[in-house]
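Reviewing the structure listed below.
We name chains A, B, ... by the order of the sequence lines, and we start the count at 1 in each one.
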Amino acid sequence: MGGGKRPGGGKGKVSGNPSDPGGRTIDHRTRKGRQTPDTAPDLSFLDDLNPEQREAATYTGGPLLVLAGAGSGKTRCLTYRFAYLVRCLGLDPGDILAITFTNKAAREMRDRVERLLGDGRLPGRGDPHAEGALWVSTFHATCSRLLRRDGERVGLRSNFVIYDASDQTALLKEILSGLGWEESRWPAAGFLAAISRAKDELVGPEEFAAGAADFREERVAKVYPLYQEALRRNNAADFDDLIMKTVILLREEEAVLARLRERFRHVLVDEYQDTNHAQYVFVNLLAAGHRNLCVVGDDDQSIYAWRGADIRNVLEFEKDYPDARVIRLEQNYRSTKTILTAANAVIANNERRTGKKLWTENEAGDPIVYYLAADGAEEAQFVVGEILGGHGGRGLPLRSFAILYRTHAQSRAFEDVLVNKAVPYQIIGGTRFYERKEIKDVLAYLRVVHNPEDEVALERALGVPKRSIGPATLARLRQAAEAVSGAAGAAGLLGGIRAVATGHVDPAGIGPKLRGELGRFVALIDALAAGVGTMPVTEMVREVTEKSGLVEVLRREGTAEAQSRIENIRELATVAANYAHQSDDPSLQAFLENAALMADIDVMKEGDDGVVLMTVHNAKGLEFPHVFVVGLEQGLFPHSRSLEEPHGVEEERRLCYVAMTRGMRRLYLTHARERTLYGYTMPAEPSAFLQEVPEETLFVASLLASRRVVERDPERARPVARTAPGTAVHPAATASATPRFSPGERVIHPRWGEGIIVGISRSGVRPGYAGNVHLRVAFANQGVQTIAAEEVTRKGALGV
DNA sequence: GCGTAACTAGTTTTT
DNA sequence: CTAGTTACGC
C-alpha cells in the first residue's frame, strides 16, 4: 500500500524551519479565522525537547518513522509535534489525524496538546462530529466515527451497534444451531478466532472461501458469510469490522477517500508496532496523498502478534517509503541505569529487531531485587511486605507500586494478601465492568432502544429477568414478526412482540399472562425510545433498573453476590452520569459506543491511592516508581502456549522487556519454587529470562536461593551498591543474621519436638533489618503451627 | 420453562 | 479450582 504516486505534494516552501531539509511545503488552508502566522512563530516551547525529539516533532519532509525506545519521551514527542503543526505551521487541529492505542492515551494526548496550545485553541467541545473537531483517538473509535457518517455504503446505518466478544458468541451460536452443528464439536470460539484473523488480514467471506485449504477452513468458510449477514441484519459491527469496513469504504468510495485525504494534512500513529494489516492499510490509504505520515513505535515492544499485529509494519517501513526519514529516540528518561542495563541485556537475546540500545543519564540506582518464593502465596506475601515497608516506612504512596503479572489468574494470590492486610489496591482487567452480566443486561435494554434491529440485545433483554420466554416462545414471536412484516413492512422481532402484546396477532401458546409481560416490556422500550435525545442516559439506566424488574429480582435473591450485582448496576448509573458530565457528546449512542470501546486501562483511576495490579499487556505505556514483575517461571512467563509458536518466545521476551522498563526507580523480579494452577501444585522452573539478567545487577533477597541464579556464582550475586536504603531485605542482614531455612527441612522446637517446614514468610522488613522470619511447621502432635524462626533449630545443626 | 445438580471443559494476552 | 454449561426432574 502506502506509496502514493504524488511526489512531495509541493506547493511553495516553508522558510524559517531549521529542521525541514526536504523543503517541504505546507499548503494548509486557513479556516475560521485561524491564520498562518506572518511573524516567525515562537518555537521556544520546543526547547523542552532533546535534539532527536525536536527533529521528530518538527520534520515535515514526508514519511517519518520514529523508533522510540521505552521511556524515551515518545508521547511528549507526539504531543509537541501536534502542537508544532498547529502553532507553527498554522494547521487547524482538526486537520491532523492522531491515532493512539487506548482511549486513555488519546485522552492524555488531547490534554497535553491542549495545555501546550493554551485554552480555547482546540475545537471539539460539543459535537465531536462537527467540522474542526479533534481527531485524536484509537483506531476503533476513529473508524467508528467515520462509519457513523458514511457507513451506509458498507451496510451500516448510522445508529449501528458494536458487538463485543459475548455478543459475537451469542450471534454465532444461533447460526451454528441453525446449521444443526453440535456446539461441543464445533465451538463458537474457534470460528470467531478464525473470522477475526481473516478480518485483520482484510480477507472477506468470498476470498476466505476461495482460499479455504482444509476441512476446518471450509467449515469456517461456510459460517463466515452467514455471520456477516447476521451482523448486517442486526445493524451491528464487531471490533474487526470497524477497521475492515472502513477500509472497504475508503477503497470503494473515491469521494470519501478524497475528502479525508484532503482533510487530514498530517497523520500521526502511535504504537505502530502493534498495528495489524487492516490498520496498516487504513493508515496508508489516508496518508498516500500528502505523505505526511508519522509513525511512532518500538519493535522491541510489539506484544500483540497474537491478535494480528504485524511487526513488519515497523521493520519494513523504509521499504514502504524509501524516502522515509528514520529517527531513533534512545535516551531514556524513566529508569535507573541498573534497570536499563538489565532490560537491554534481556532484549538483546531477540533476533528480530532493528537493534537499539537505551541509555540514560539517570543515576545507577538500586540493584534489581531478585526473590525466589516457596510458592505463589508466599511470593504475594513478600511483595506485599515490601510494599508495606516502603509505604509505611518511607511514606511512599501505594500507587507508586505496581504488580505486573503474565496472566490475570495470578492476581488472586496478591488480592488475598492485600485484602488480608487491608491494603487498598486497584486491579485493572479481569472481567471488565462493561462485560459483567448484570451490566450487559441493563445495556441490552438501552441497545434495543437505540437500535431495535439489534436482536442479540433484544433476546438478552427479553430473557432478563426471567419472563418464561424460552426457545418455543421465541419461535412463536418470530412467527408473529413475520406475519406482521408482510403487512406493515419489516418490523423485526420487536415488531412481532409488539403485535402480540397489543393482541394484533394471537399465536397459540401465548397466554394472557405472557402477553401482559410482553406489553410491559414493549411499553418500557417505547417509553425510553420516546425519551431519546431529551432524557439523560443516567435517567434511562434508572428507568431500566426499576421498571424491568432486574434489581427487584436480585434484591429478592438476597445473596452477597446478588448484592454486589445491584451495586454494580448502581455504579452504572454513576458511570453514565460522569460520562454525560465529561463527554463532548452525552447521547445514548455515544454512551453505548463508549461502553463497547472502553478498555480496562481506560478506567484506571488516577486519584485514588492504591497498589496497582495488572497484566504486563495492560501496563504498556505506563510507568511506576516501583515495579514487581512476578511469576517469572517457565510455562508461565514465558507462557507455555508461546513455546510452541515460531516467534512465540521472542514475543514473550518483548513482554518481559516491556514489564521491566515500566520501572523507574526499583524493579523486583520474583518467582516461586512451586506454583498451584487449577488445583494442582507443580514444581516451577525459573524463567529463562531470569538467566538473561546480568548477575551484577541483581540483589538476592530470598531465603531460598535459586539454584539457577545463585549457585551459578554465589559471590557475584551479591549486591553492587545500594544508593538508597530501601524496603528490600538488607544485604548484610540476609547474608549473616538469618539462617536459611527451606521447606522440607526438619527442625526441632523446644516444646513441640521435631517438625517439618512447610512454609516460610517474613514480616517487618525495613532498611538494615531483614525482618522476622516466620515458619510454618508441621509437628507430629501439634499440627501445622506458624512460629518465629528463632524458636527452632535445624535438626542436625549444632550437633543435635 | 425453570431450577437444581451434576458435570464439564477450559483456562494468555484485548481493541 | 471455578465459572459456565448441560441434563434432568418438576
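- Inter-residue side-chain proximity for A:V283 and A:F139 is flagged as met; some heavy-atom pair is nearer than 4.5 Å.
- In this model, the phosphate group of B:dT15 is not approached by any side-chain N or O of A:N103 to a distance below 4.0 Å at OP1 or OP2.
- Taking atom P on both nucleotides, B:dT11 is separated from C:dT6 by 15 Å, rounded to a whole Å.
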Produce the list of close N/O pairs, under 3.5 Å, pairing protein atoms with atoms of nucleotides 4-6 of chain B; give distances to one decimal.
none

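- The nearest whole Å value for the distance from the CG atom in A:L192 to the P atom in B:dT14 is 18 Å.
- For the C1' atoms, the distance linking C:dT5 with B:dT12 amounts to 22 Å, nearest Å.
- Using a 4.0 Å cut-off between charged nitrogen and carboxylate oxygen, A:R307 and A:D200 do not count as a salt-bridge pair.
- Between the side chain of A:W306 and the base of B:dT13 there is at least one donor-acceptor pair of N/O atoms closer than 3.5 Å.
- Nearest-nucleotide positions on DNA chain B place A:T407 closer to the 5' end than the other of A:F101 and A:T407.
- Considering only side-chain atoms of A:K437, the nucleotide from B:dT14, C:dG4, B:dT12 that sits closest is C:dG4.
- We find that CG of A:D310 is positioned 17 Å from C1' of B:dT15, with the value rounded to whole Å.
- Using a 4.0 Å heavy-atom distance criterion, A:T473 is classed as a sugar-phosphate-only contact.
- For A:L477 and B:dG1, the CG to P distance is 10 Å, given to the nearest whole Å.
- In terms of the side chain to side chain contact (heavy atoms under 4.5 Å, CB included) criterion, residue partners of A:S137 (sequence neighbours excluded) are, by chain and number, A:R110, A:A141, A:T142.
- Whole-Å rounding puts the A:Q410 CD to B:dT12 P distance at 12 Å.
- The nearest whole Å value for the distance from the CG atom in A:L147 to the P atom in B:dT15 is 19 Å.
- Nearest to the side-chain atoms of A:T138 among the listed nucleotides B:dT12, B:dT14, B:dT15 stands B:dT15.
- Using Watson-Crick or G-U wobble geometry with both donor-acceptor distances under 3.5 Å, B:dA9 finds its partner in C:dT2.
- A donor and an acceptor atom sit less than 3.5 Å apart, one in the side chain of A:H140 and one in the base of B:dT15.
- Atom-to-atom, NE2 of A:H408 to C1' of C:dT2 comes out at 17 Å; the value is rounded to the nearest Å.
- For A:H639, taking side-chain heavy atoms from C-beta onward, the closest of the listed nucleotides C:dT5, B:dT12, B:dT13 is B:dT12.
- A:D300 and A:N350 are not linked by any side-chain donor-acceptor pair at a separation below 3.5 angstrom, with hydrogens and angles left out of the test.
- Remark: C1' of C:dA3 and CZ of A:R412 are 10 Å apart, rounded to the nearest angstrom.
- Partner of A:E459 under the salt bridge (Lys or Arg N to Asp or Glu O under 4.0 Å) criterion, chosen from A:R478, A:K173, A:R447: A:R478.
- Classification of the A:Y405-A:H408 ring pair by plane angle, with boundaries at 30° and 60°, yields perpendicular.
- We find that NZ of A:K440 is positioned 13 Å from P of C:dG4, with the value rounded to whole Å.
- Checking the phosphate oxygens (OP1, OP2) of B:dT14, a side-chain nitrogen or oxygen of A:T615 falls inside 4.0 Å.
- Ion pairing between a basic and an acidic side chain is recognised when a charged N comes within 4.0 Å of a carboxylate O; A:D238 and A:K199 show such pairing.
- Take A:E567 and apply the salt bridge (charged side-chain N to carboxylate O under 4.0 Å, His left out) test, not counting sequence neighbours, and it matches no residue.
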